[in-house]
Asks: 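Before anything else, here's the structure in question.
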Amino acid sequence: MEPPECPVCLQSYDGESTLPRVLSCGHTACEECLTNIPKKFPDTIRCPACTVLVKFPPQGPSALPKNIDLLRLFPSSSNPTPDSTRNSKNSSFEFVTRSWPDEFHAAWKDRVLLLDAVSVEREGSTESASSSRLCGCLNKGDGDGDGDGDSKVSLLRVGSFQRRDDGCDSVFEFSYLLRMISCLWGMEEGERDELDVIMRVEERGVSKVFGLWGDLKSGVLYLVGQKLTDFSLEEFEDISEDDASCLAVIGMQLCEALLSLHKDGIFVGCLSVSCVKFDEFGNAFVDFIELLETGRNVYGLISEETSSCSKPVGALEMGLVLKRLVENGIFVSFEVLFELLKKQNLLITQASSECMVACSSDVLPVCVLLLMLLGGKQFSEELIESVSGVDAKECEEKSEDLLVLYTGLMEKLSYILESKLSGKFKSMVGILRQCCCLDPQTRPVLTDLWKCNRELIMNHRLSSMFALEKKKPRKRKEFCLVLGELCRLVVVGSKELEEDLPGMESGDGAEEGKLDKDFVGRLSEGKIKSKDLRGHQDSVTGLAVGGGFLFSSSLDKNIHVWSLKDFSHVHTFKGHQDKVTALIYIKGVETVCVSGDGGGGIFVWSTSFPLEEQPLRKWYEPKDWRYSGIHALAYSEDGYVYSGSGDNTIKAWSLQDGKLVCTMTGHKSVVSTLVVLNGVLYSGSWDGTVRLWSLSDHSFLTVLGEETQGIVKSILSLAADEGTLVAAYQNGDIQIWRDDTSMKSMQIQSSAILSVALNGKWLFTGGWDRTVNIQELSGDEISLECTHVGSIPGSSVVTSLLYWEGKLFAGFADKIIKVDSHSLSNHVLLLRMVCNKSVLSEISRYIIVGVNKNFSFSSCS
């Protein structure tokens, strides 16, 4: 048998260099390790074996007693290591099962704008009814606004989710953030990858993308981008040589913007007049939202012109498509257009043009766009006339013959170049003609076009002093925007192609989605019945579970006992002369229910059959002029019942005979809540502090949340589980400690939180706002996140909460406790609410909540 050793350094005890010292909790560690253990609080130390805070002498570990019994056995034998898990963790139920990993949530949560961050301009919008784009305002203080006022934004639809039926009173309300995360998780991977790349772009000359925002009324997820000033081609009419510098600057800025996108792996493939916007200083920008909308318009126009044509399309239909594109101010590189036609099975060819789509595919659209600016509206009309005049009679339904159509268009374009451009613009003819070449590999690059525009501004001798900054392209996957998945989410007429929208079921998943929708429909229609637990004549003040019973206390001075099998009323404990304010269940040597009232009475009730009407024992606290009754109860395995009172004290009572063991003082106001965890008694008070007391000798250990001068935040409820302590305050704040270290403080409700329950990572709060809010705790030893999962609205103030073995019990001030009738069968129900192609939520256990009309299952993934 191995000799006994220190649980910290694992060195064997020898009675000299490694001397065993005994802590007040009964565990042993060597003197040197006890000296080096960090001490967060004065005169206390956390036992390395059981993690309980215990008293530590100011003189150091030498003042602690030696473990004589251990030294006597040395070295022949040793005692087993003390059980470090005497406070075993309760089995934690997965209240909400999610289909996405934590890494996905962390990557996207900061990209979702707040619900009130965006205001949509629904009335008087100039957008087409068939458009997937809206306008709005980014409210002051949100996003990247300048802070001087609301910023104009454009909203582009990128996804959809199931909107909540406003006619339903009690269906669980999933949090806004989780709805958006679930919608993103339901998208195709390609769609998410494109969104990820777009939202990472922070380049000069490209409009800002602020983030994602969901409209709960319409169930639509939007991409929110900066909205800049529009312009029309009429503004460029009668342009003269004196305006050459201005046009050259615009051309340079467009080239710089597209070159910046190339570094991020994005090729545009098409451009329109609407993609060019200007800021208040007259600088030209490429509008990202308009780029995506232009790509969708290309899909829509192709679908409209070819919907009634046989496949594959011929040169005549191709000409109609080109004409419609030019009429709408859109120009697409020929290789991109051919690839679009092939994706829609409108063009049959063995060769692929996708490999030809690259940076050079943006040169041709920029060239035509500059010509439109140079020639104004007249140039556009001549270009449309040129497209209509191309002879397509000899072209057959082959891709090689369709090239003839495009070649004829390029020749017409070259003719217009030579006949229209003169003077200062004549130097641009050569480079623009090369840009019109059908072979992408022989076209000049955007930097050559940028240099050509620069020469119109400055002397050729000085041009060498200015050059584009050469940066290495980032190692990212390259894609063409117009060929991407986001541009395929088109709108034809006023009818959306829902099968292409992320978040809508299709294919093999349609039947599965139908089943989910039917279940959600039953919830919203109230077909999932609820059973009222009625009997109390006043507000419910406490809930406890044990021995197969649900116990509920009330201001009506009674305690009701309900069967957990069918939730029928079993018994009523009567005897209190004052309002019952606290209730606990104890499973020890004897299984009993203990209640406390406003008159200082503590009653012990037997929970064994047959249930008695009279208590087993009862005793009363001594009263004085400060007395206002018992506010809280707790129990330790040592056989003590602790009461928190209105006289600012905590009292320890022997459960066996009701004898007062000791009185703990220190709080400056009412002790409102008590909880026992890891050998420590935590007491919360209206003075805003949490005090820690040793259960072994009832000595004071330390205080958490020292009161702030002039600021009083009363603590109304405490909850603890697995080393985590949560305090709920009168102003709607919560504060979270882990291992007695403050990790998080935040406001989660607008008014007082009267009750809080904690199980593993799930935190439940309720109070004056008549809502049960559900939070998810995550993080590590360094940081902690508290994510709002959802809420359950009620009809009255939430007065008590209890989470037990996957069931959430709630007591309300309207005297009623409600239970879903489906939970009586002990079947595991699976609720998968369709918000996307993926499962939004899975519920494998029940929630019992007191709401007004319908029982509400609460879960989301």
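Counting from 1, the numbers follow the sequence of the chain as shown.
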Asks: Salt bridge (charged side-chain N to carboxylate O under 4.0 Å, His left out) with K651: which residues, sequence neighbours excluded?
Replies: E621, D647
Asks: Is the ring pair H560/W562 parallel, tilted or perpendicular, if the boundaries are 30 and 60 degrees?
Replies: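 It falls in the tilted class, 30° to 60°.
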Asks: Is there a donor in the side chain of S778 and an acceptor in the side chain of D102, or the other way round, less than 3.5 Å apart?
Replies: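 Their side chains do not contain a donor-acceptor pair, so the 3.5 Å distance test is not met.
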Asks: State which residue, out of I715, L692, T741, fulfils the side chain to side chain contact (heavy atoms under 4.5 Å, CB included) condition with L704.
Replies: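 Of the listed residues I715, L692, T741, the side chain to side chain contact (heavy atoms under 4.5 Å, CB included) partner of L704 is L692.
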Asks: Before giving the answer on side chain to side chain contact (heavy atoms under 4.5 Å, CB included), spell out for H698 and I650 the whole-Å C-alpha distance, their side-chain angles and the decisive distance to 0.1 Å.
Replies: CA-CA 10 Å; H698 299 140; I650 303 108; over 6 Å; no
Asks: Would you name the heavy atoms of L777 and I736 that are closest together and state the gap between them?
Replies: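 In terms of heavy atoms, the two residues are closest at CD2-CD1, 3.7 Å.
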Asks: What class does the angle between the rings of Y585 and F551 fall in, given that below 30° is parallel, 30 to 60° is tilted and above 60° is perpendicular?
Replies: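 It falls in the parallel class, under 30°.
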Asks: Is the distance between the ring centroids of H571 and F609 under 6.0 Å?
Replies: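 That pair fails the under 6.0 Å test.
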Asks: Specify the closest pair of heavy atoms between L674 and A632, including all atoms of both residues, with the distance to one decimal.
Replies: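 Nearest heavy atoms, L674 then A632: N-CB, 3.7 Å.
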Asks: Is there a side-chain contact between L216 and F161 (heavy atoms, below 4.5 Å)?
Replies: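 Contact flag for L216/F161 side chains = yes.
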Asks: Using a cut-off of 6.0 Å, state whether more than 12 heavy atoms not belonging to Y635 lie near its atom OH.
Replies: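 For Y635, atom OH is crowded (more than 12 foreign heavy atoms under 6.0 Å).
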Asks: I'd like to check I748 versus I753 (side-chain heavy atoms, cut-off strictly below 4.5 Å). Are they in contact?
Replies: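 Side chain of I748 against side chain of I753, heavy atoms only: contact under 4.5 Å found.
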Asks: Around atom CD of Q747, are there more than 12 heavy atoms of other residues, nucleotides or ligands at under 6.0 Å?
Replies: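 Counting neighbours around CD of Q747, more than 12 heavy atoms of other residues, nucleotides or ligands fall under 6.0 Å, so yes.
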Asks: Is the shortest side-chain heavy-atom distance between W737 and V690 below 4.5 Å?
Replies: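 A side-chain contact exists here, since the closest heavy-atom pair is under 4.5 Å.
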Asks: Tell me, do V545 and L802 make a side-chain contact under 4.5 Å, heavy atoms counted?
Replies: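 Sidechains of L802 and V545: in contact.
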Asks: For W619, does the CH2 atom have more than 12 heavy-atom neighbours from other residues, nucleotides or ligands under 6.0 Å away?
Replies: yes
Asks: Quick check: closest heavy atoms across L633 and L583, and the distance to 0.1 Å?
Replies: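 That would be CD1-N, 4.4 Å.
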Asks: Do K109 and E776 sit within salt-bridge range, that is, some charged N less than 4.0 Å from a carboxylate O?
Replies: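 Looking at E776 together with K109, the answer is no, because their closest N to O distance does not fall below 4.0 Å.
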Asks: Kindly say whether S694 contributes a backbone atom to a donor-acceptor pair with the side chain of S699 at under 3.5 angstrom?
Replies: no
Asks: On the 0 to 90° scale, with breaks at 30° and 60°, tag the F573-W605 ring pair as parallel, tilted or perpendicular.
Replies: parallel
Asks: Is there a side-chain contact between I586 and V641, using heavy atoms and a 4.5 Å cut-off?
Replies: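 Sidechains of V641 and I586: in contact.
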Asks: Between H569 and T572, is any side-chain donor less than 3.5 angstrom from a side-chain acceptor?
Replies: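 On atom types as modelled, these side chains qualify, holding a pair under 3.5 Å.
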Asks: Determine whether a donor-acceptor pair (N or O, by modelled atom type, separation under 3.5 Å) exists between the side chain of D721 and the backbone of G760.
Replies: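 Yes; at least one donor-acceptor contact below 3.5 Å.
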Asks: Considering non-hydrogen atoms only, spot the tightest contact between V52 and G679 and give its length.
Replies: CG1-O, 3.7 Å
